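Reading through the structure tokens given below for one structure.
Remember, predicted model here, so these are calculated numbers, not experimental data. When reading the values below, keep in mind they use all heavy atoms of this one structure, side chains included, and skip hydrogens, waters and symmetry mates.
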Amino acid sequence: MFDWRMSASEGAVHVIHFTDRTLQEVNKVDYAVERRKSLHARYYFGILFFIMNLVAWFFRDYGQNVLPWIHYIKACGNEGDDCFHSLGVLRVSLGCFIFFLVMFVTTVKTRKLCEGRNSWHSRWWELKAVLLLLSMALPFFIPSQFVQIYGEIARIGAGIFLLLQLVSVIHFIMWWNNYWTADEETKERCSLGLVMSTLFYVCAICGIVYMYASYASKSSCSLNIFFITWTSILLAVMMVISLNSKVNRGLLSSGIMASYIVFLCWCAIRSEPATIRCDTKNQETRNGSWITILGFLIAIFAIVLAAFSTGIDSKCFQFSKNKVENEDDIPYNYGFFHMVFSLGAMYFAMLFISWDLNNSARKWSIDVGWISTWVKVLNEWFAATIYIWMLISPVVRQNKVMDNGTTASIDV
């Protein structure tokens, strides 16, 4: 009898252990499913953001002819002009901003995959579609004066977006440099890193030569000559600092950064008004030419890609880099993701109206004008400044520590 009870007890224990193990396996499967849905959700939000870009372009270039019924909305004015062109872009941008702001507020504190806010982020697409439609419709009933105020605020938000994007790009460059040069034992990886750094520098130098030949061939092109020359100086400074024995960062990261700032300089020059741009070729393209349309579509894809890549890269903005990740943690920061997209809504508005609230842009044009040119130039200089500081800051901090240690020893 005693033996039977013991065996029964042992059997019960085995059953309990089996049940616990089964529940753990089920939880693992649930976490895997939730994680997969969360990762898919970010692509869906990216597609929605891309559609909002197309809607903004449509209201700017074709909305007045295709949507005559909007003229009857009181907030659109007598002729409906206040809902098209620049103000139309701002209204669409405001609707996109409201949608992602609501998503930010409702998901900012999400930490675990088992939370209800995780389900709201990853599921309920029908409800979110209704929310998006309401968010897009609301700005078309707001008086134009308030839309103009939003436009002024959007300039600041777009600047913040550019700063976040810049930090994300530099973080990626540093990570890539560490990946190819950290393992000293792997000769092939180091050799390939050297080849890649050389290739990036060659591309940067070729870009400088091309810009001099295409946009600064005459002495009257003084502004372009200044832009390109200063970019060349920044390139040389980054290279010298990277090769300094105290910094010792190698040439790969500085080569990538050199190519990036050359690209920004080229984009800035290309943003100059076509009628004023100092160009060896006639760049005044007709509205709707295939080159203009292709460049426009590439620019939109670049906007979406910038918002998407920055939104999922929240780790480079964390102060603590040694945070332990658990199995039930969310795969990326939902609040930061939606905040970046809400700022991205302001950013695409500024690109479509060329940072000028009273701008009347040509069809299929994007980010063209002197304001756009100087925004890109300042972004280039700021990028180079941040990168140079990231190179020299460890040396500066080390020198301060050594000076403090020397002072302390003298006092003793």
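- Across all their heavy atoms, S372 and V368 have their closest contact at OG-N, 3.9 Å.
- In this structure, the separation between CE on M257 and CG on L235 is 11.0 Å, given to the nearest 0.5 Å.
- Under a 3.5 Å cut-off, the side chain of R91 and the backbone N or O of M136 do not form any donor-acceptor pair.
- Between the side chain of T106 and the main chain of M103, a donor-acceptor pair closer than 3.5 Å is present.
- For the atom pair L391 CG and I386 CD1, the distance stands at 12.0 Å (nearest 0.5 Å).
- Scored by the salt bridge (Lys or Arg N to Asp or Glu O under 4.0 Å) test, R117 finds E115 as partners (sequence neighbours excluded).
- For the pair I228 and A216, the tightest heavy-atom approach, listed with the atom from each and the gap, is CD1-CB, 4.0 Å.
- Applying the side chain to side chain donor-acceptor pair (under 3.5 Å) test to residues at least two apart or on different chains, none of the pairs has a partner in residues 341-350.
- Taking the six-membered ring where the residue is Trp, the centroids of F59 and H85 are separated by 6.0 Å or more.
- Between the side chain of S93 and the main chain of A345, a donor-acceptor pair closer than 3.5 Å is present.
- Of the possible donor and acceptor atoms, one in the side chain of S271 sits under 3.5 Å from a partner among the backbone N and O of C267.
- Contact detail for I371 and S354: the closest heavy-atom pair is CB-O, 3.9 Å.
- Side chain of W355 to main chain of F352: no donor-acceptor pair is present (N/O by atom type, distance under 3.5 Å, no hydrogens or angles).
- The backbone N or O of F200 lies less than 3.5 Å from a partner atom in the side chain of S259, making a donor-acceptor pair.
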- Pair W57-F348, ring-ring contact (aromatic ring centres under 6.0 Å, His included): steps then yes or no: CA-CA 10 Å; W57 157 74; F348 80 65; over 10 Å; no
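- By the salt bridge (Lys or Arg N to Asp or Glu O under 4.0 Å) test, K112 is found to be paired with D328, D329, residues two or more places apart in sequence or in another chain being considered.
- A cation-pi geometry, defined here as NZ or CZ lying under 6.0 Å from the six-membered ring centre and within 45° of its normal, holds between R42 and Y332.
- A donor-acceptor distance shorter than 3.5 angstrom exists from the side chain of S393 to the backbone of W389, with no hydrogens or angles considered.
- Within the 3.5 Å criterion, the main-chain N or O of T107 finds a donor-acceptor partner in the side chain of T110.
- Defined by atom type and a distance below 3.5 Å, a donor-acceptor pair is present between the side-chain atoms of N118 and Y334.
- Pairs engaging residues 368-392 under the salt bridge (Lys or Arg N to Asp or Glu O under 4.0 Å) rule: D367-K376 [sequence neighbours left out].
- Checking side-chain atoms of R60 against main-chain N and O of V89 turns up no donor-acceptor pair under 3.5 Å.
- At least one donor-acceptor pair under 3.5 Å links the side chain of Y387 to the backbone N or O of S254.
- Sequence neighbours left out, the pairs with a member in residues 140-165 that pass salt bridge (Lys or Arg N to Asp or Glu O under 4.0 Å) are E152-R155.
- Ring orientation note: the planes of F50 and F301 are close to parallel, at an angle under 30° on the 30°/60° scale.
- Annotation: F104 is not in aromatic contact with F100 [ring centroid separation under 6.0 Å not met].
- Cation-pi check for K128 over W124 is not met; the charged atom does not lie both under 6.0 angstrom from the ring centroid and within 45 degrees of its normal.
- Heavy atoms only, all atoms of each residue included: S122 and A41 are closest at CA-CB, 3.9 Å.
- Here the two rings, on F227 and W266, have centers that are 6.0 Å apart or farther.
- Residue pairs that meet the side chain to side chain donor-acceptor pair (under 3.5 Å) test with at least one member in residues 43-54, sequence neighbours left out, do not exist here.
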